[in-house]
2 protein chains.
Amino acid sequence: MSKAKQLHGFLWLTRPLMQRVEDMVRRGLEGTGLTVRMRAVLEILDARGALSVPDIARALEVKRQYVQLMVNDVIEAGLAEKRDNPRHRASPLIALTEAGAALISEVLAAERTRAGDLADDFTEEELETALRVAERLTGALSDGDRT
Amino acid sequence: MSKAKQLHGFLWLTRPLMQRVEDMVRRGLEGTGLTVRMRAVLEILDARGALSVPDIARALEVKRQYVQLMVNDVIEAGLAEKRDNPRHRASPLIALTEAGAALISEVLAAERTRAGDLADDFTEEELETALRVAERLTGALSDGDRT
DNA sequence: CAGTATTGACAATATATTTGTCATTATGAC
DNA sequence: GTCATAATGACAAATATATTGTCAATACTG
């Protein structure tokens with residue numbers, strides 16, 4: 001099989017794979033009161049600390065107006081809170097509350113456990129290669145069209 | 001880095017990667033009059049021959065009611081047509097017209113060219129591994145939850 | 001300090017897709 | 001064959017996931 005054909009096959013697997021991943025995540029969220037979009041906000045605040053709404057939007061690659069909705073969700077749920085932003089009086093930083101930090105840790109730990117189970121079926125080299133290919137491909141496709 | 005962590009990283013790359021793939025496809029469709037959802041129908045009819053609407057729905061893993069809309073699009077554009085279905089009088093087979101067959105061939109050829117360009121940055125073994133991991137992972141995640 | 005960019009807040013719109021329903025048609029058990 | 005059950009088309013409504021538009025307040029740059 002040609003490389004082009006292999007890559008085409010890989011590219012078209014990304015959609016069903018992504019859907020299954022999101023379904024898995026959604027199941028992991030059952031009982032937590034979280035939605036997938038709330039989880040995304042909590043995860044990035046957990047990884048990067050307090051951020052403003054536009055910061056989160058850039059990280060998630062969605063519009064800031066939509067991030068406002070996501071952030072409103074988590075604030076309303078008591079999982080994050082606004083803090084003064086020294087760099088912009090009217091644009092507060094969004095930070096995890098204790099409850100939010102505890103919840104996202106728990107969720108991520110459960111996901112890691114599940115990922116560990118799945119990872120048992122692969123060698124470290126396979127996973128390393130798959131990750132590297134996906135990363136480089138994502139980068140190449142971000143640059144815009146060269147064709 | 002642990003295998004679980006590698007896999008977790010890979011899983012979370014599927015969404016941005018898929019979005020970039022779809023953007024690439026969308027750009028390839030400019031000027032053809034096709035939408036991504038029309039392209040999906042044409043592709044599967046090209047690969048598998050005439051199918052009924054529910055057959056397409058099962059293949060694409062979306063609801064048959066939505067496939068009806070997709071199929072209406074391509075029929076209205078003259079790219080596919082209804083044919084008698086020997087197995088179900090009221091559920092016609094959907095088949096590519098000549099115009100539809102020509103158009104999807106052209107689109108797929110352009111995509112394969114683009115995939116070939118991207119594939120140049122990888123070895124055959126890398127692509128083979130990435131494809132295999134993605135396939136097995138998709139399969140594993142289809143079975144439902146084992147965790 | 002003037003002009004431009006960023007931000008929050010809120011409304012409207014778009015896109016993709018699912019869910020609900022009903023009448024028609026097929027299928028399988030008897 | 002007949003009856004219950006499932007599959008299908010057609011159409012409407014609802015839902016999820018965003019984007020786009022707009023305005024006033026705030027920040028940044030020359």
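Naming: A, B, ... by sequence-line order, numbering from 1 per chain. Bear in mind the structure is a predicted one, so any value in this text is a computation, not a measurement.
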Quick one: [X] [atom1] to [N] [atom2], roughly how many Å, whole number?
X	N	atom1	atom2	result
B/Asp84	C/dT25	CG	C1'	15 Å
A/Leu34	D/dA16	CG	C1'	17 Å
B/Leu93	D/dA7	CG	P	18 Å
B/Arg58	C/dT18	CZ	P	15 Å
B/Asn72	D/dA12	CG	P	13 Å
B/Gln68	D/dA13	CD	C1'	17 Å

Nucleic acid footprint by protein, nucleotides 17-30 of chain D - heavy-atom cut-off 4.0 Å, B for base, S for sugar-phosphate alone: SBBBBB---SSS--
With a 4.0 Å cut-off, would you call [X] and [Y] a salt bridge?
X	Y	value
A/Asp23	A/Arg20	no
B/Arg114	B/Asp117	no
B/Glu128	B/Arg132	yes

Given B/Val25 and A/Trp12, is the side-chain contact (heavy atoms from CB on, under 4.5 Å) satisfied, shown in steps? CA-CA 10 Å; B/Val25 169; A/Trp12 283 100; 3.4 Å; yes
To the nearest 0.5 Å, what is the distance between CG (B/Leu108) and CG (B/Asp46)? 6.0 Å
Going by heavy atoms in the side chains, are A/Arg39 and A/Thr32 under 4.5 Å from each other? no
Under 4.0 Å from any atom of DNA chain D, heavy atoms only: list the residues of residues 43-57 of chain A that qualify, in numerical order. none
Between B/Asp73 (side chain) and B/Met38 (backbone), is there a donor-acceptor pair under 3.5 Å? no
Can you list the other members of the hydrophobic cluster that holds B/Leu93, where links are side-chain heavy atoms under 4.5 angstrom apart? none
